[in-house]
Structures are given as structure tokens and as C-alpha cells.
Amino acid sequence: MAYDDDNVFAKILRGEIPCDKVYEDDHVLAFNDISPQAPTHVLVLPKGKYVSMNDFTQGAPDAEIAALIRAVARIAQELGVAESGYRILANSGANAHQEVMHLHIHIFAGRKLGPMLVRRD
Ligand code: AMP
């Protein structure tokens, strides 16, 4: 899938719409989810134009990939949830219900998060 420059996270990265920023470095921006599903719900994005894990892992330089993963762990530490526990999740593609077509990693924390997926079997 081609990258759409009009997706909402592209607009946030360009500063065209605001976000509640929690972390930024050369490769990464992180902000609070607008519709949180846990007391802590942060989205961590690479600044590069990647739709999903597929093109990120195929196209991004190693430095960008390392920066994203390091940022996730650093943010969890800085938010004080690393010890109590947190969950990371990246929806990639239609079956995963990805809504915003700019790769992002969710960090959920701040309460007992329950089982990994809702069972529908
Ligand atoms: P996903 O389904 O993994 O693509 O998740 C998209 C997430 O982006 C959802 O949790 C939304 O609540 C969140 N979201 C959408 N628009 C914004 C926004 N303007 N600022 C912060 N979070 C947003």
C-alpha cells in the first residue's frame, strides 16, 4: 500500500494538527492516544513515511528501527510503568484493524490489562 500524506499522523508529524506529546527524538514522535483504552495509552511513531511493519522492516535503516524500539522502552521507563507492566501492540493491515496508515506502536499500561485478545471462538 502506498503511503498517504494526508493520514492524521502525517499531519501531526508536520505540525498541522496538535498532539499531546510525551517524547520526541530525531527518528521518533510519541503522544497520548486521543481515545485512551487504558490509564496510559501512548502511540509511538517513526518519523519516516511507513504504512506498516511490512514496509518499515523492509525499507527503514537499522538506526530508525533501533530508535523506535528503544524509544518504546524508554517511554515506558519515563512514564513509570516499566516495572508494573505494560503491553505494546502494532496493528498491521486489515485483519489487525489498523485504522491510521502510518506505523505506530501502542503502549498500554496503568491497570491490569487482562488477556491478550478477546476470544471469539
Ligand atoms: P490503529 O487502529 O492501531 O490504527 O490505532 C489508531 C489509533 O490512533 C487509535 O487508538 C485512535 O484513538 C488514535 N488516534 C486517531 N487520531 C488521533 C489523534 N489525532 N491524536 C491521537 N491519537 C489519535
Side-chain angles (χ1 to χ4, degrees):
M1 177 188 285
Y3 186 84
D4 175 7
D5 279 312
D6 285 333
N7 79 74
V8 65
F9 293 169
K11 291 177 180 173
I12 288 173
L13 285 163
R14 291 196 297 268
E16 294 169 8
I17 60 174
C19 70
D20 184 12
K21 183 163 78 177
V22 300
Y23 175 81
E24 182 170 18
D25 65 28
D26 288 347
H27 297 300
V28 175
L29 177 68
F31 48 85
N32 286 313
D33 196 290
I34 203 167
S35 181
Q37 297 186 42
T40 294
H41 185 175
V42 173
L43 304 174
V44 190
L45 285 59
K47 288 184 173 177
K49 297 180 179 183
Y50 305 105
V51 174
S52 68
M53 286 298 285
N54 302 342
D55 46 339
F56 185 59
T57 52
Q58 286 163 19
D62 288 354
E64 287 184 35
I65 295 172
L68 184 70
I69 300 302
R70 288 219 164 87
V72 168
R74 178 173 172 172
I75 291 162
Q77 282 285 352
E78 290 180 357
L79 293 175
V81 301
E83 294 305 318
S84 53
Y86 62 97
R87 177 172 296 158
I88 63 174
L89 180 153
N91 294 317
S92 198
N95 276 4
H97 204 269
Q98 182 178 1
E99 292 181 336
V100 179
M101 294 300 161
H102 181 114
L103 175 64
H104 50 283
I105 296 178
H106 299 253
I107 301 176
F108 301 103
R111 63 169 168 81
K112 292 206 180 298
L113 295 167
M116 194 159 53
L117 292 175
V118 176
R119 290 188 185 277
R120 294 226 174 92
D121 51 13

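First listed ligand is number 1; within each ligand, the first listed atom is number 1. Values reported hereafter were calculated over all heavy atoms of this structure, with side chains retained and with hydrogens, waters and symmetry mates removed. In this chain, residues are counted from 1 in sequence order.
Residue D33 has at least one N or O atom closer than 3.5 Å to an N or O atom of ligand 1. The shortest N or O to N or O distance between V100 and ligand 1 is under 3.5 Å. In terms of N/O distances under 3.5 Å, ligand 1 is not approached by Q98.
Numbered from 1 in the order shown, with element, the atoms of ligand 1 that lie under 4.0 Å from a heavy atom of S35 read 12 (O). Residue-ligand proximity, N91 to ligand 1, at heavy-atom distances under 4.0 Å covers atoms 1 (P), 2 (O), 3 (O). Close contacts of ligand 1 with H97, meaning ligand atoms under 4.0 Å from a residue heavy atom, involve 2 (O). Per-residue contacts place V8 under 4.0 angstrom from the following atoms of ligand 1 (heavy atoms of the residue considered): 19 (N). For ligand 1 and N32, the ligand atoms under 4.0 Å from any heavy atom of the residue are 21 (C).
Considering M101, E99, H104 only, the shortest heavy-atom separation from atom 5 (O) of ligand 1 involves H104. Looking at I34, L103, L43, it is I34 that brings a heavy atom closest to atom 17 (C) of ligand 1.
Ring pair F31/F9 is perpendicular by interplanar angle, where above 60° counts as perpendicular and below 30° as parallel. Ring geometry for F108 against H41 counts as tilted: the plane angle lies between 30° and 60°, on a 0 to 90° scale.
Other residues, nucleotides and ligands place more than 12 heavy atoms under 6.0 Å from the CD atom of E16. The environment of CZ in R70 is sparse: at most 12 heavy-atom neighbours from other residues, nucleotides or ligands sit within 6.0 Å.
For atom 8 (O) of ligand 1, the nearest non-hydrogen atom of the protein is F9 CZ, 3.4 Å.
For the pair H27 and L68, the minimum side-chain heavy-atom distance is 4.5 Å or more.
Not counting sequence neighbours, the partners of D5 by the salt bridge (Lys or Arg N to Asp or Glu O under 4.0 Å) test are K49.
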Check your understanding: Going through the distances and angles, do H104 and H102 end up as a ring pair (Phe, Tyr, Trp, His ring centres under 6.0 Å)?
Key -> CA-CA 6 Å; H104 50 283; H102 181 114; 7.9 Å; no

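In this structure, CD in E24 is found 8.5 Å from CG in L13, a value given to the nearest 0.5 Å.
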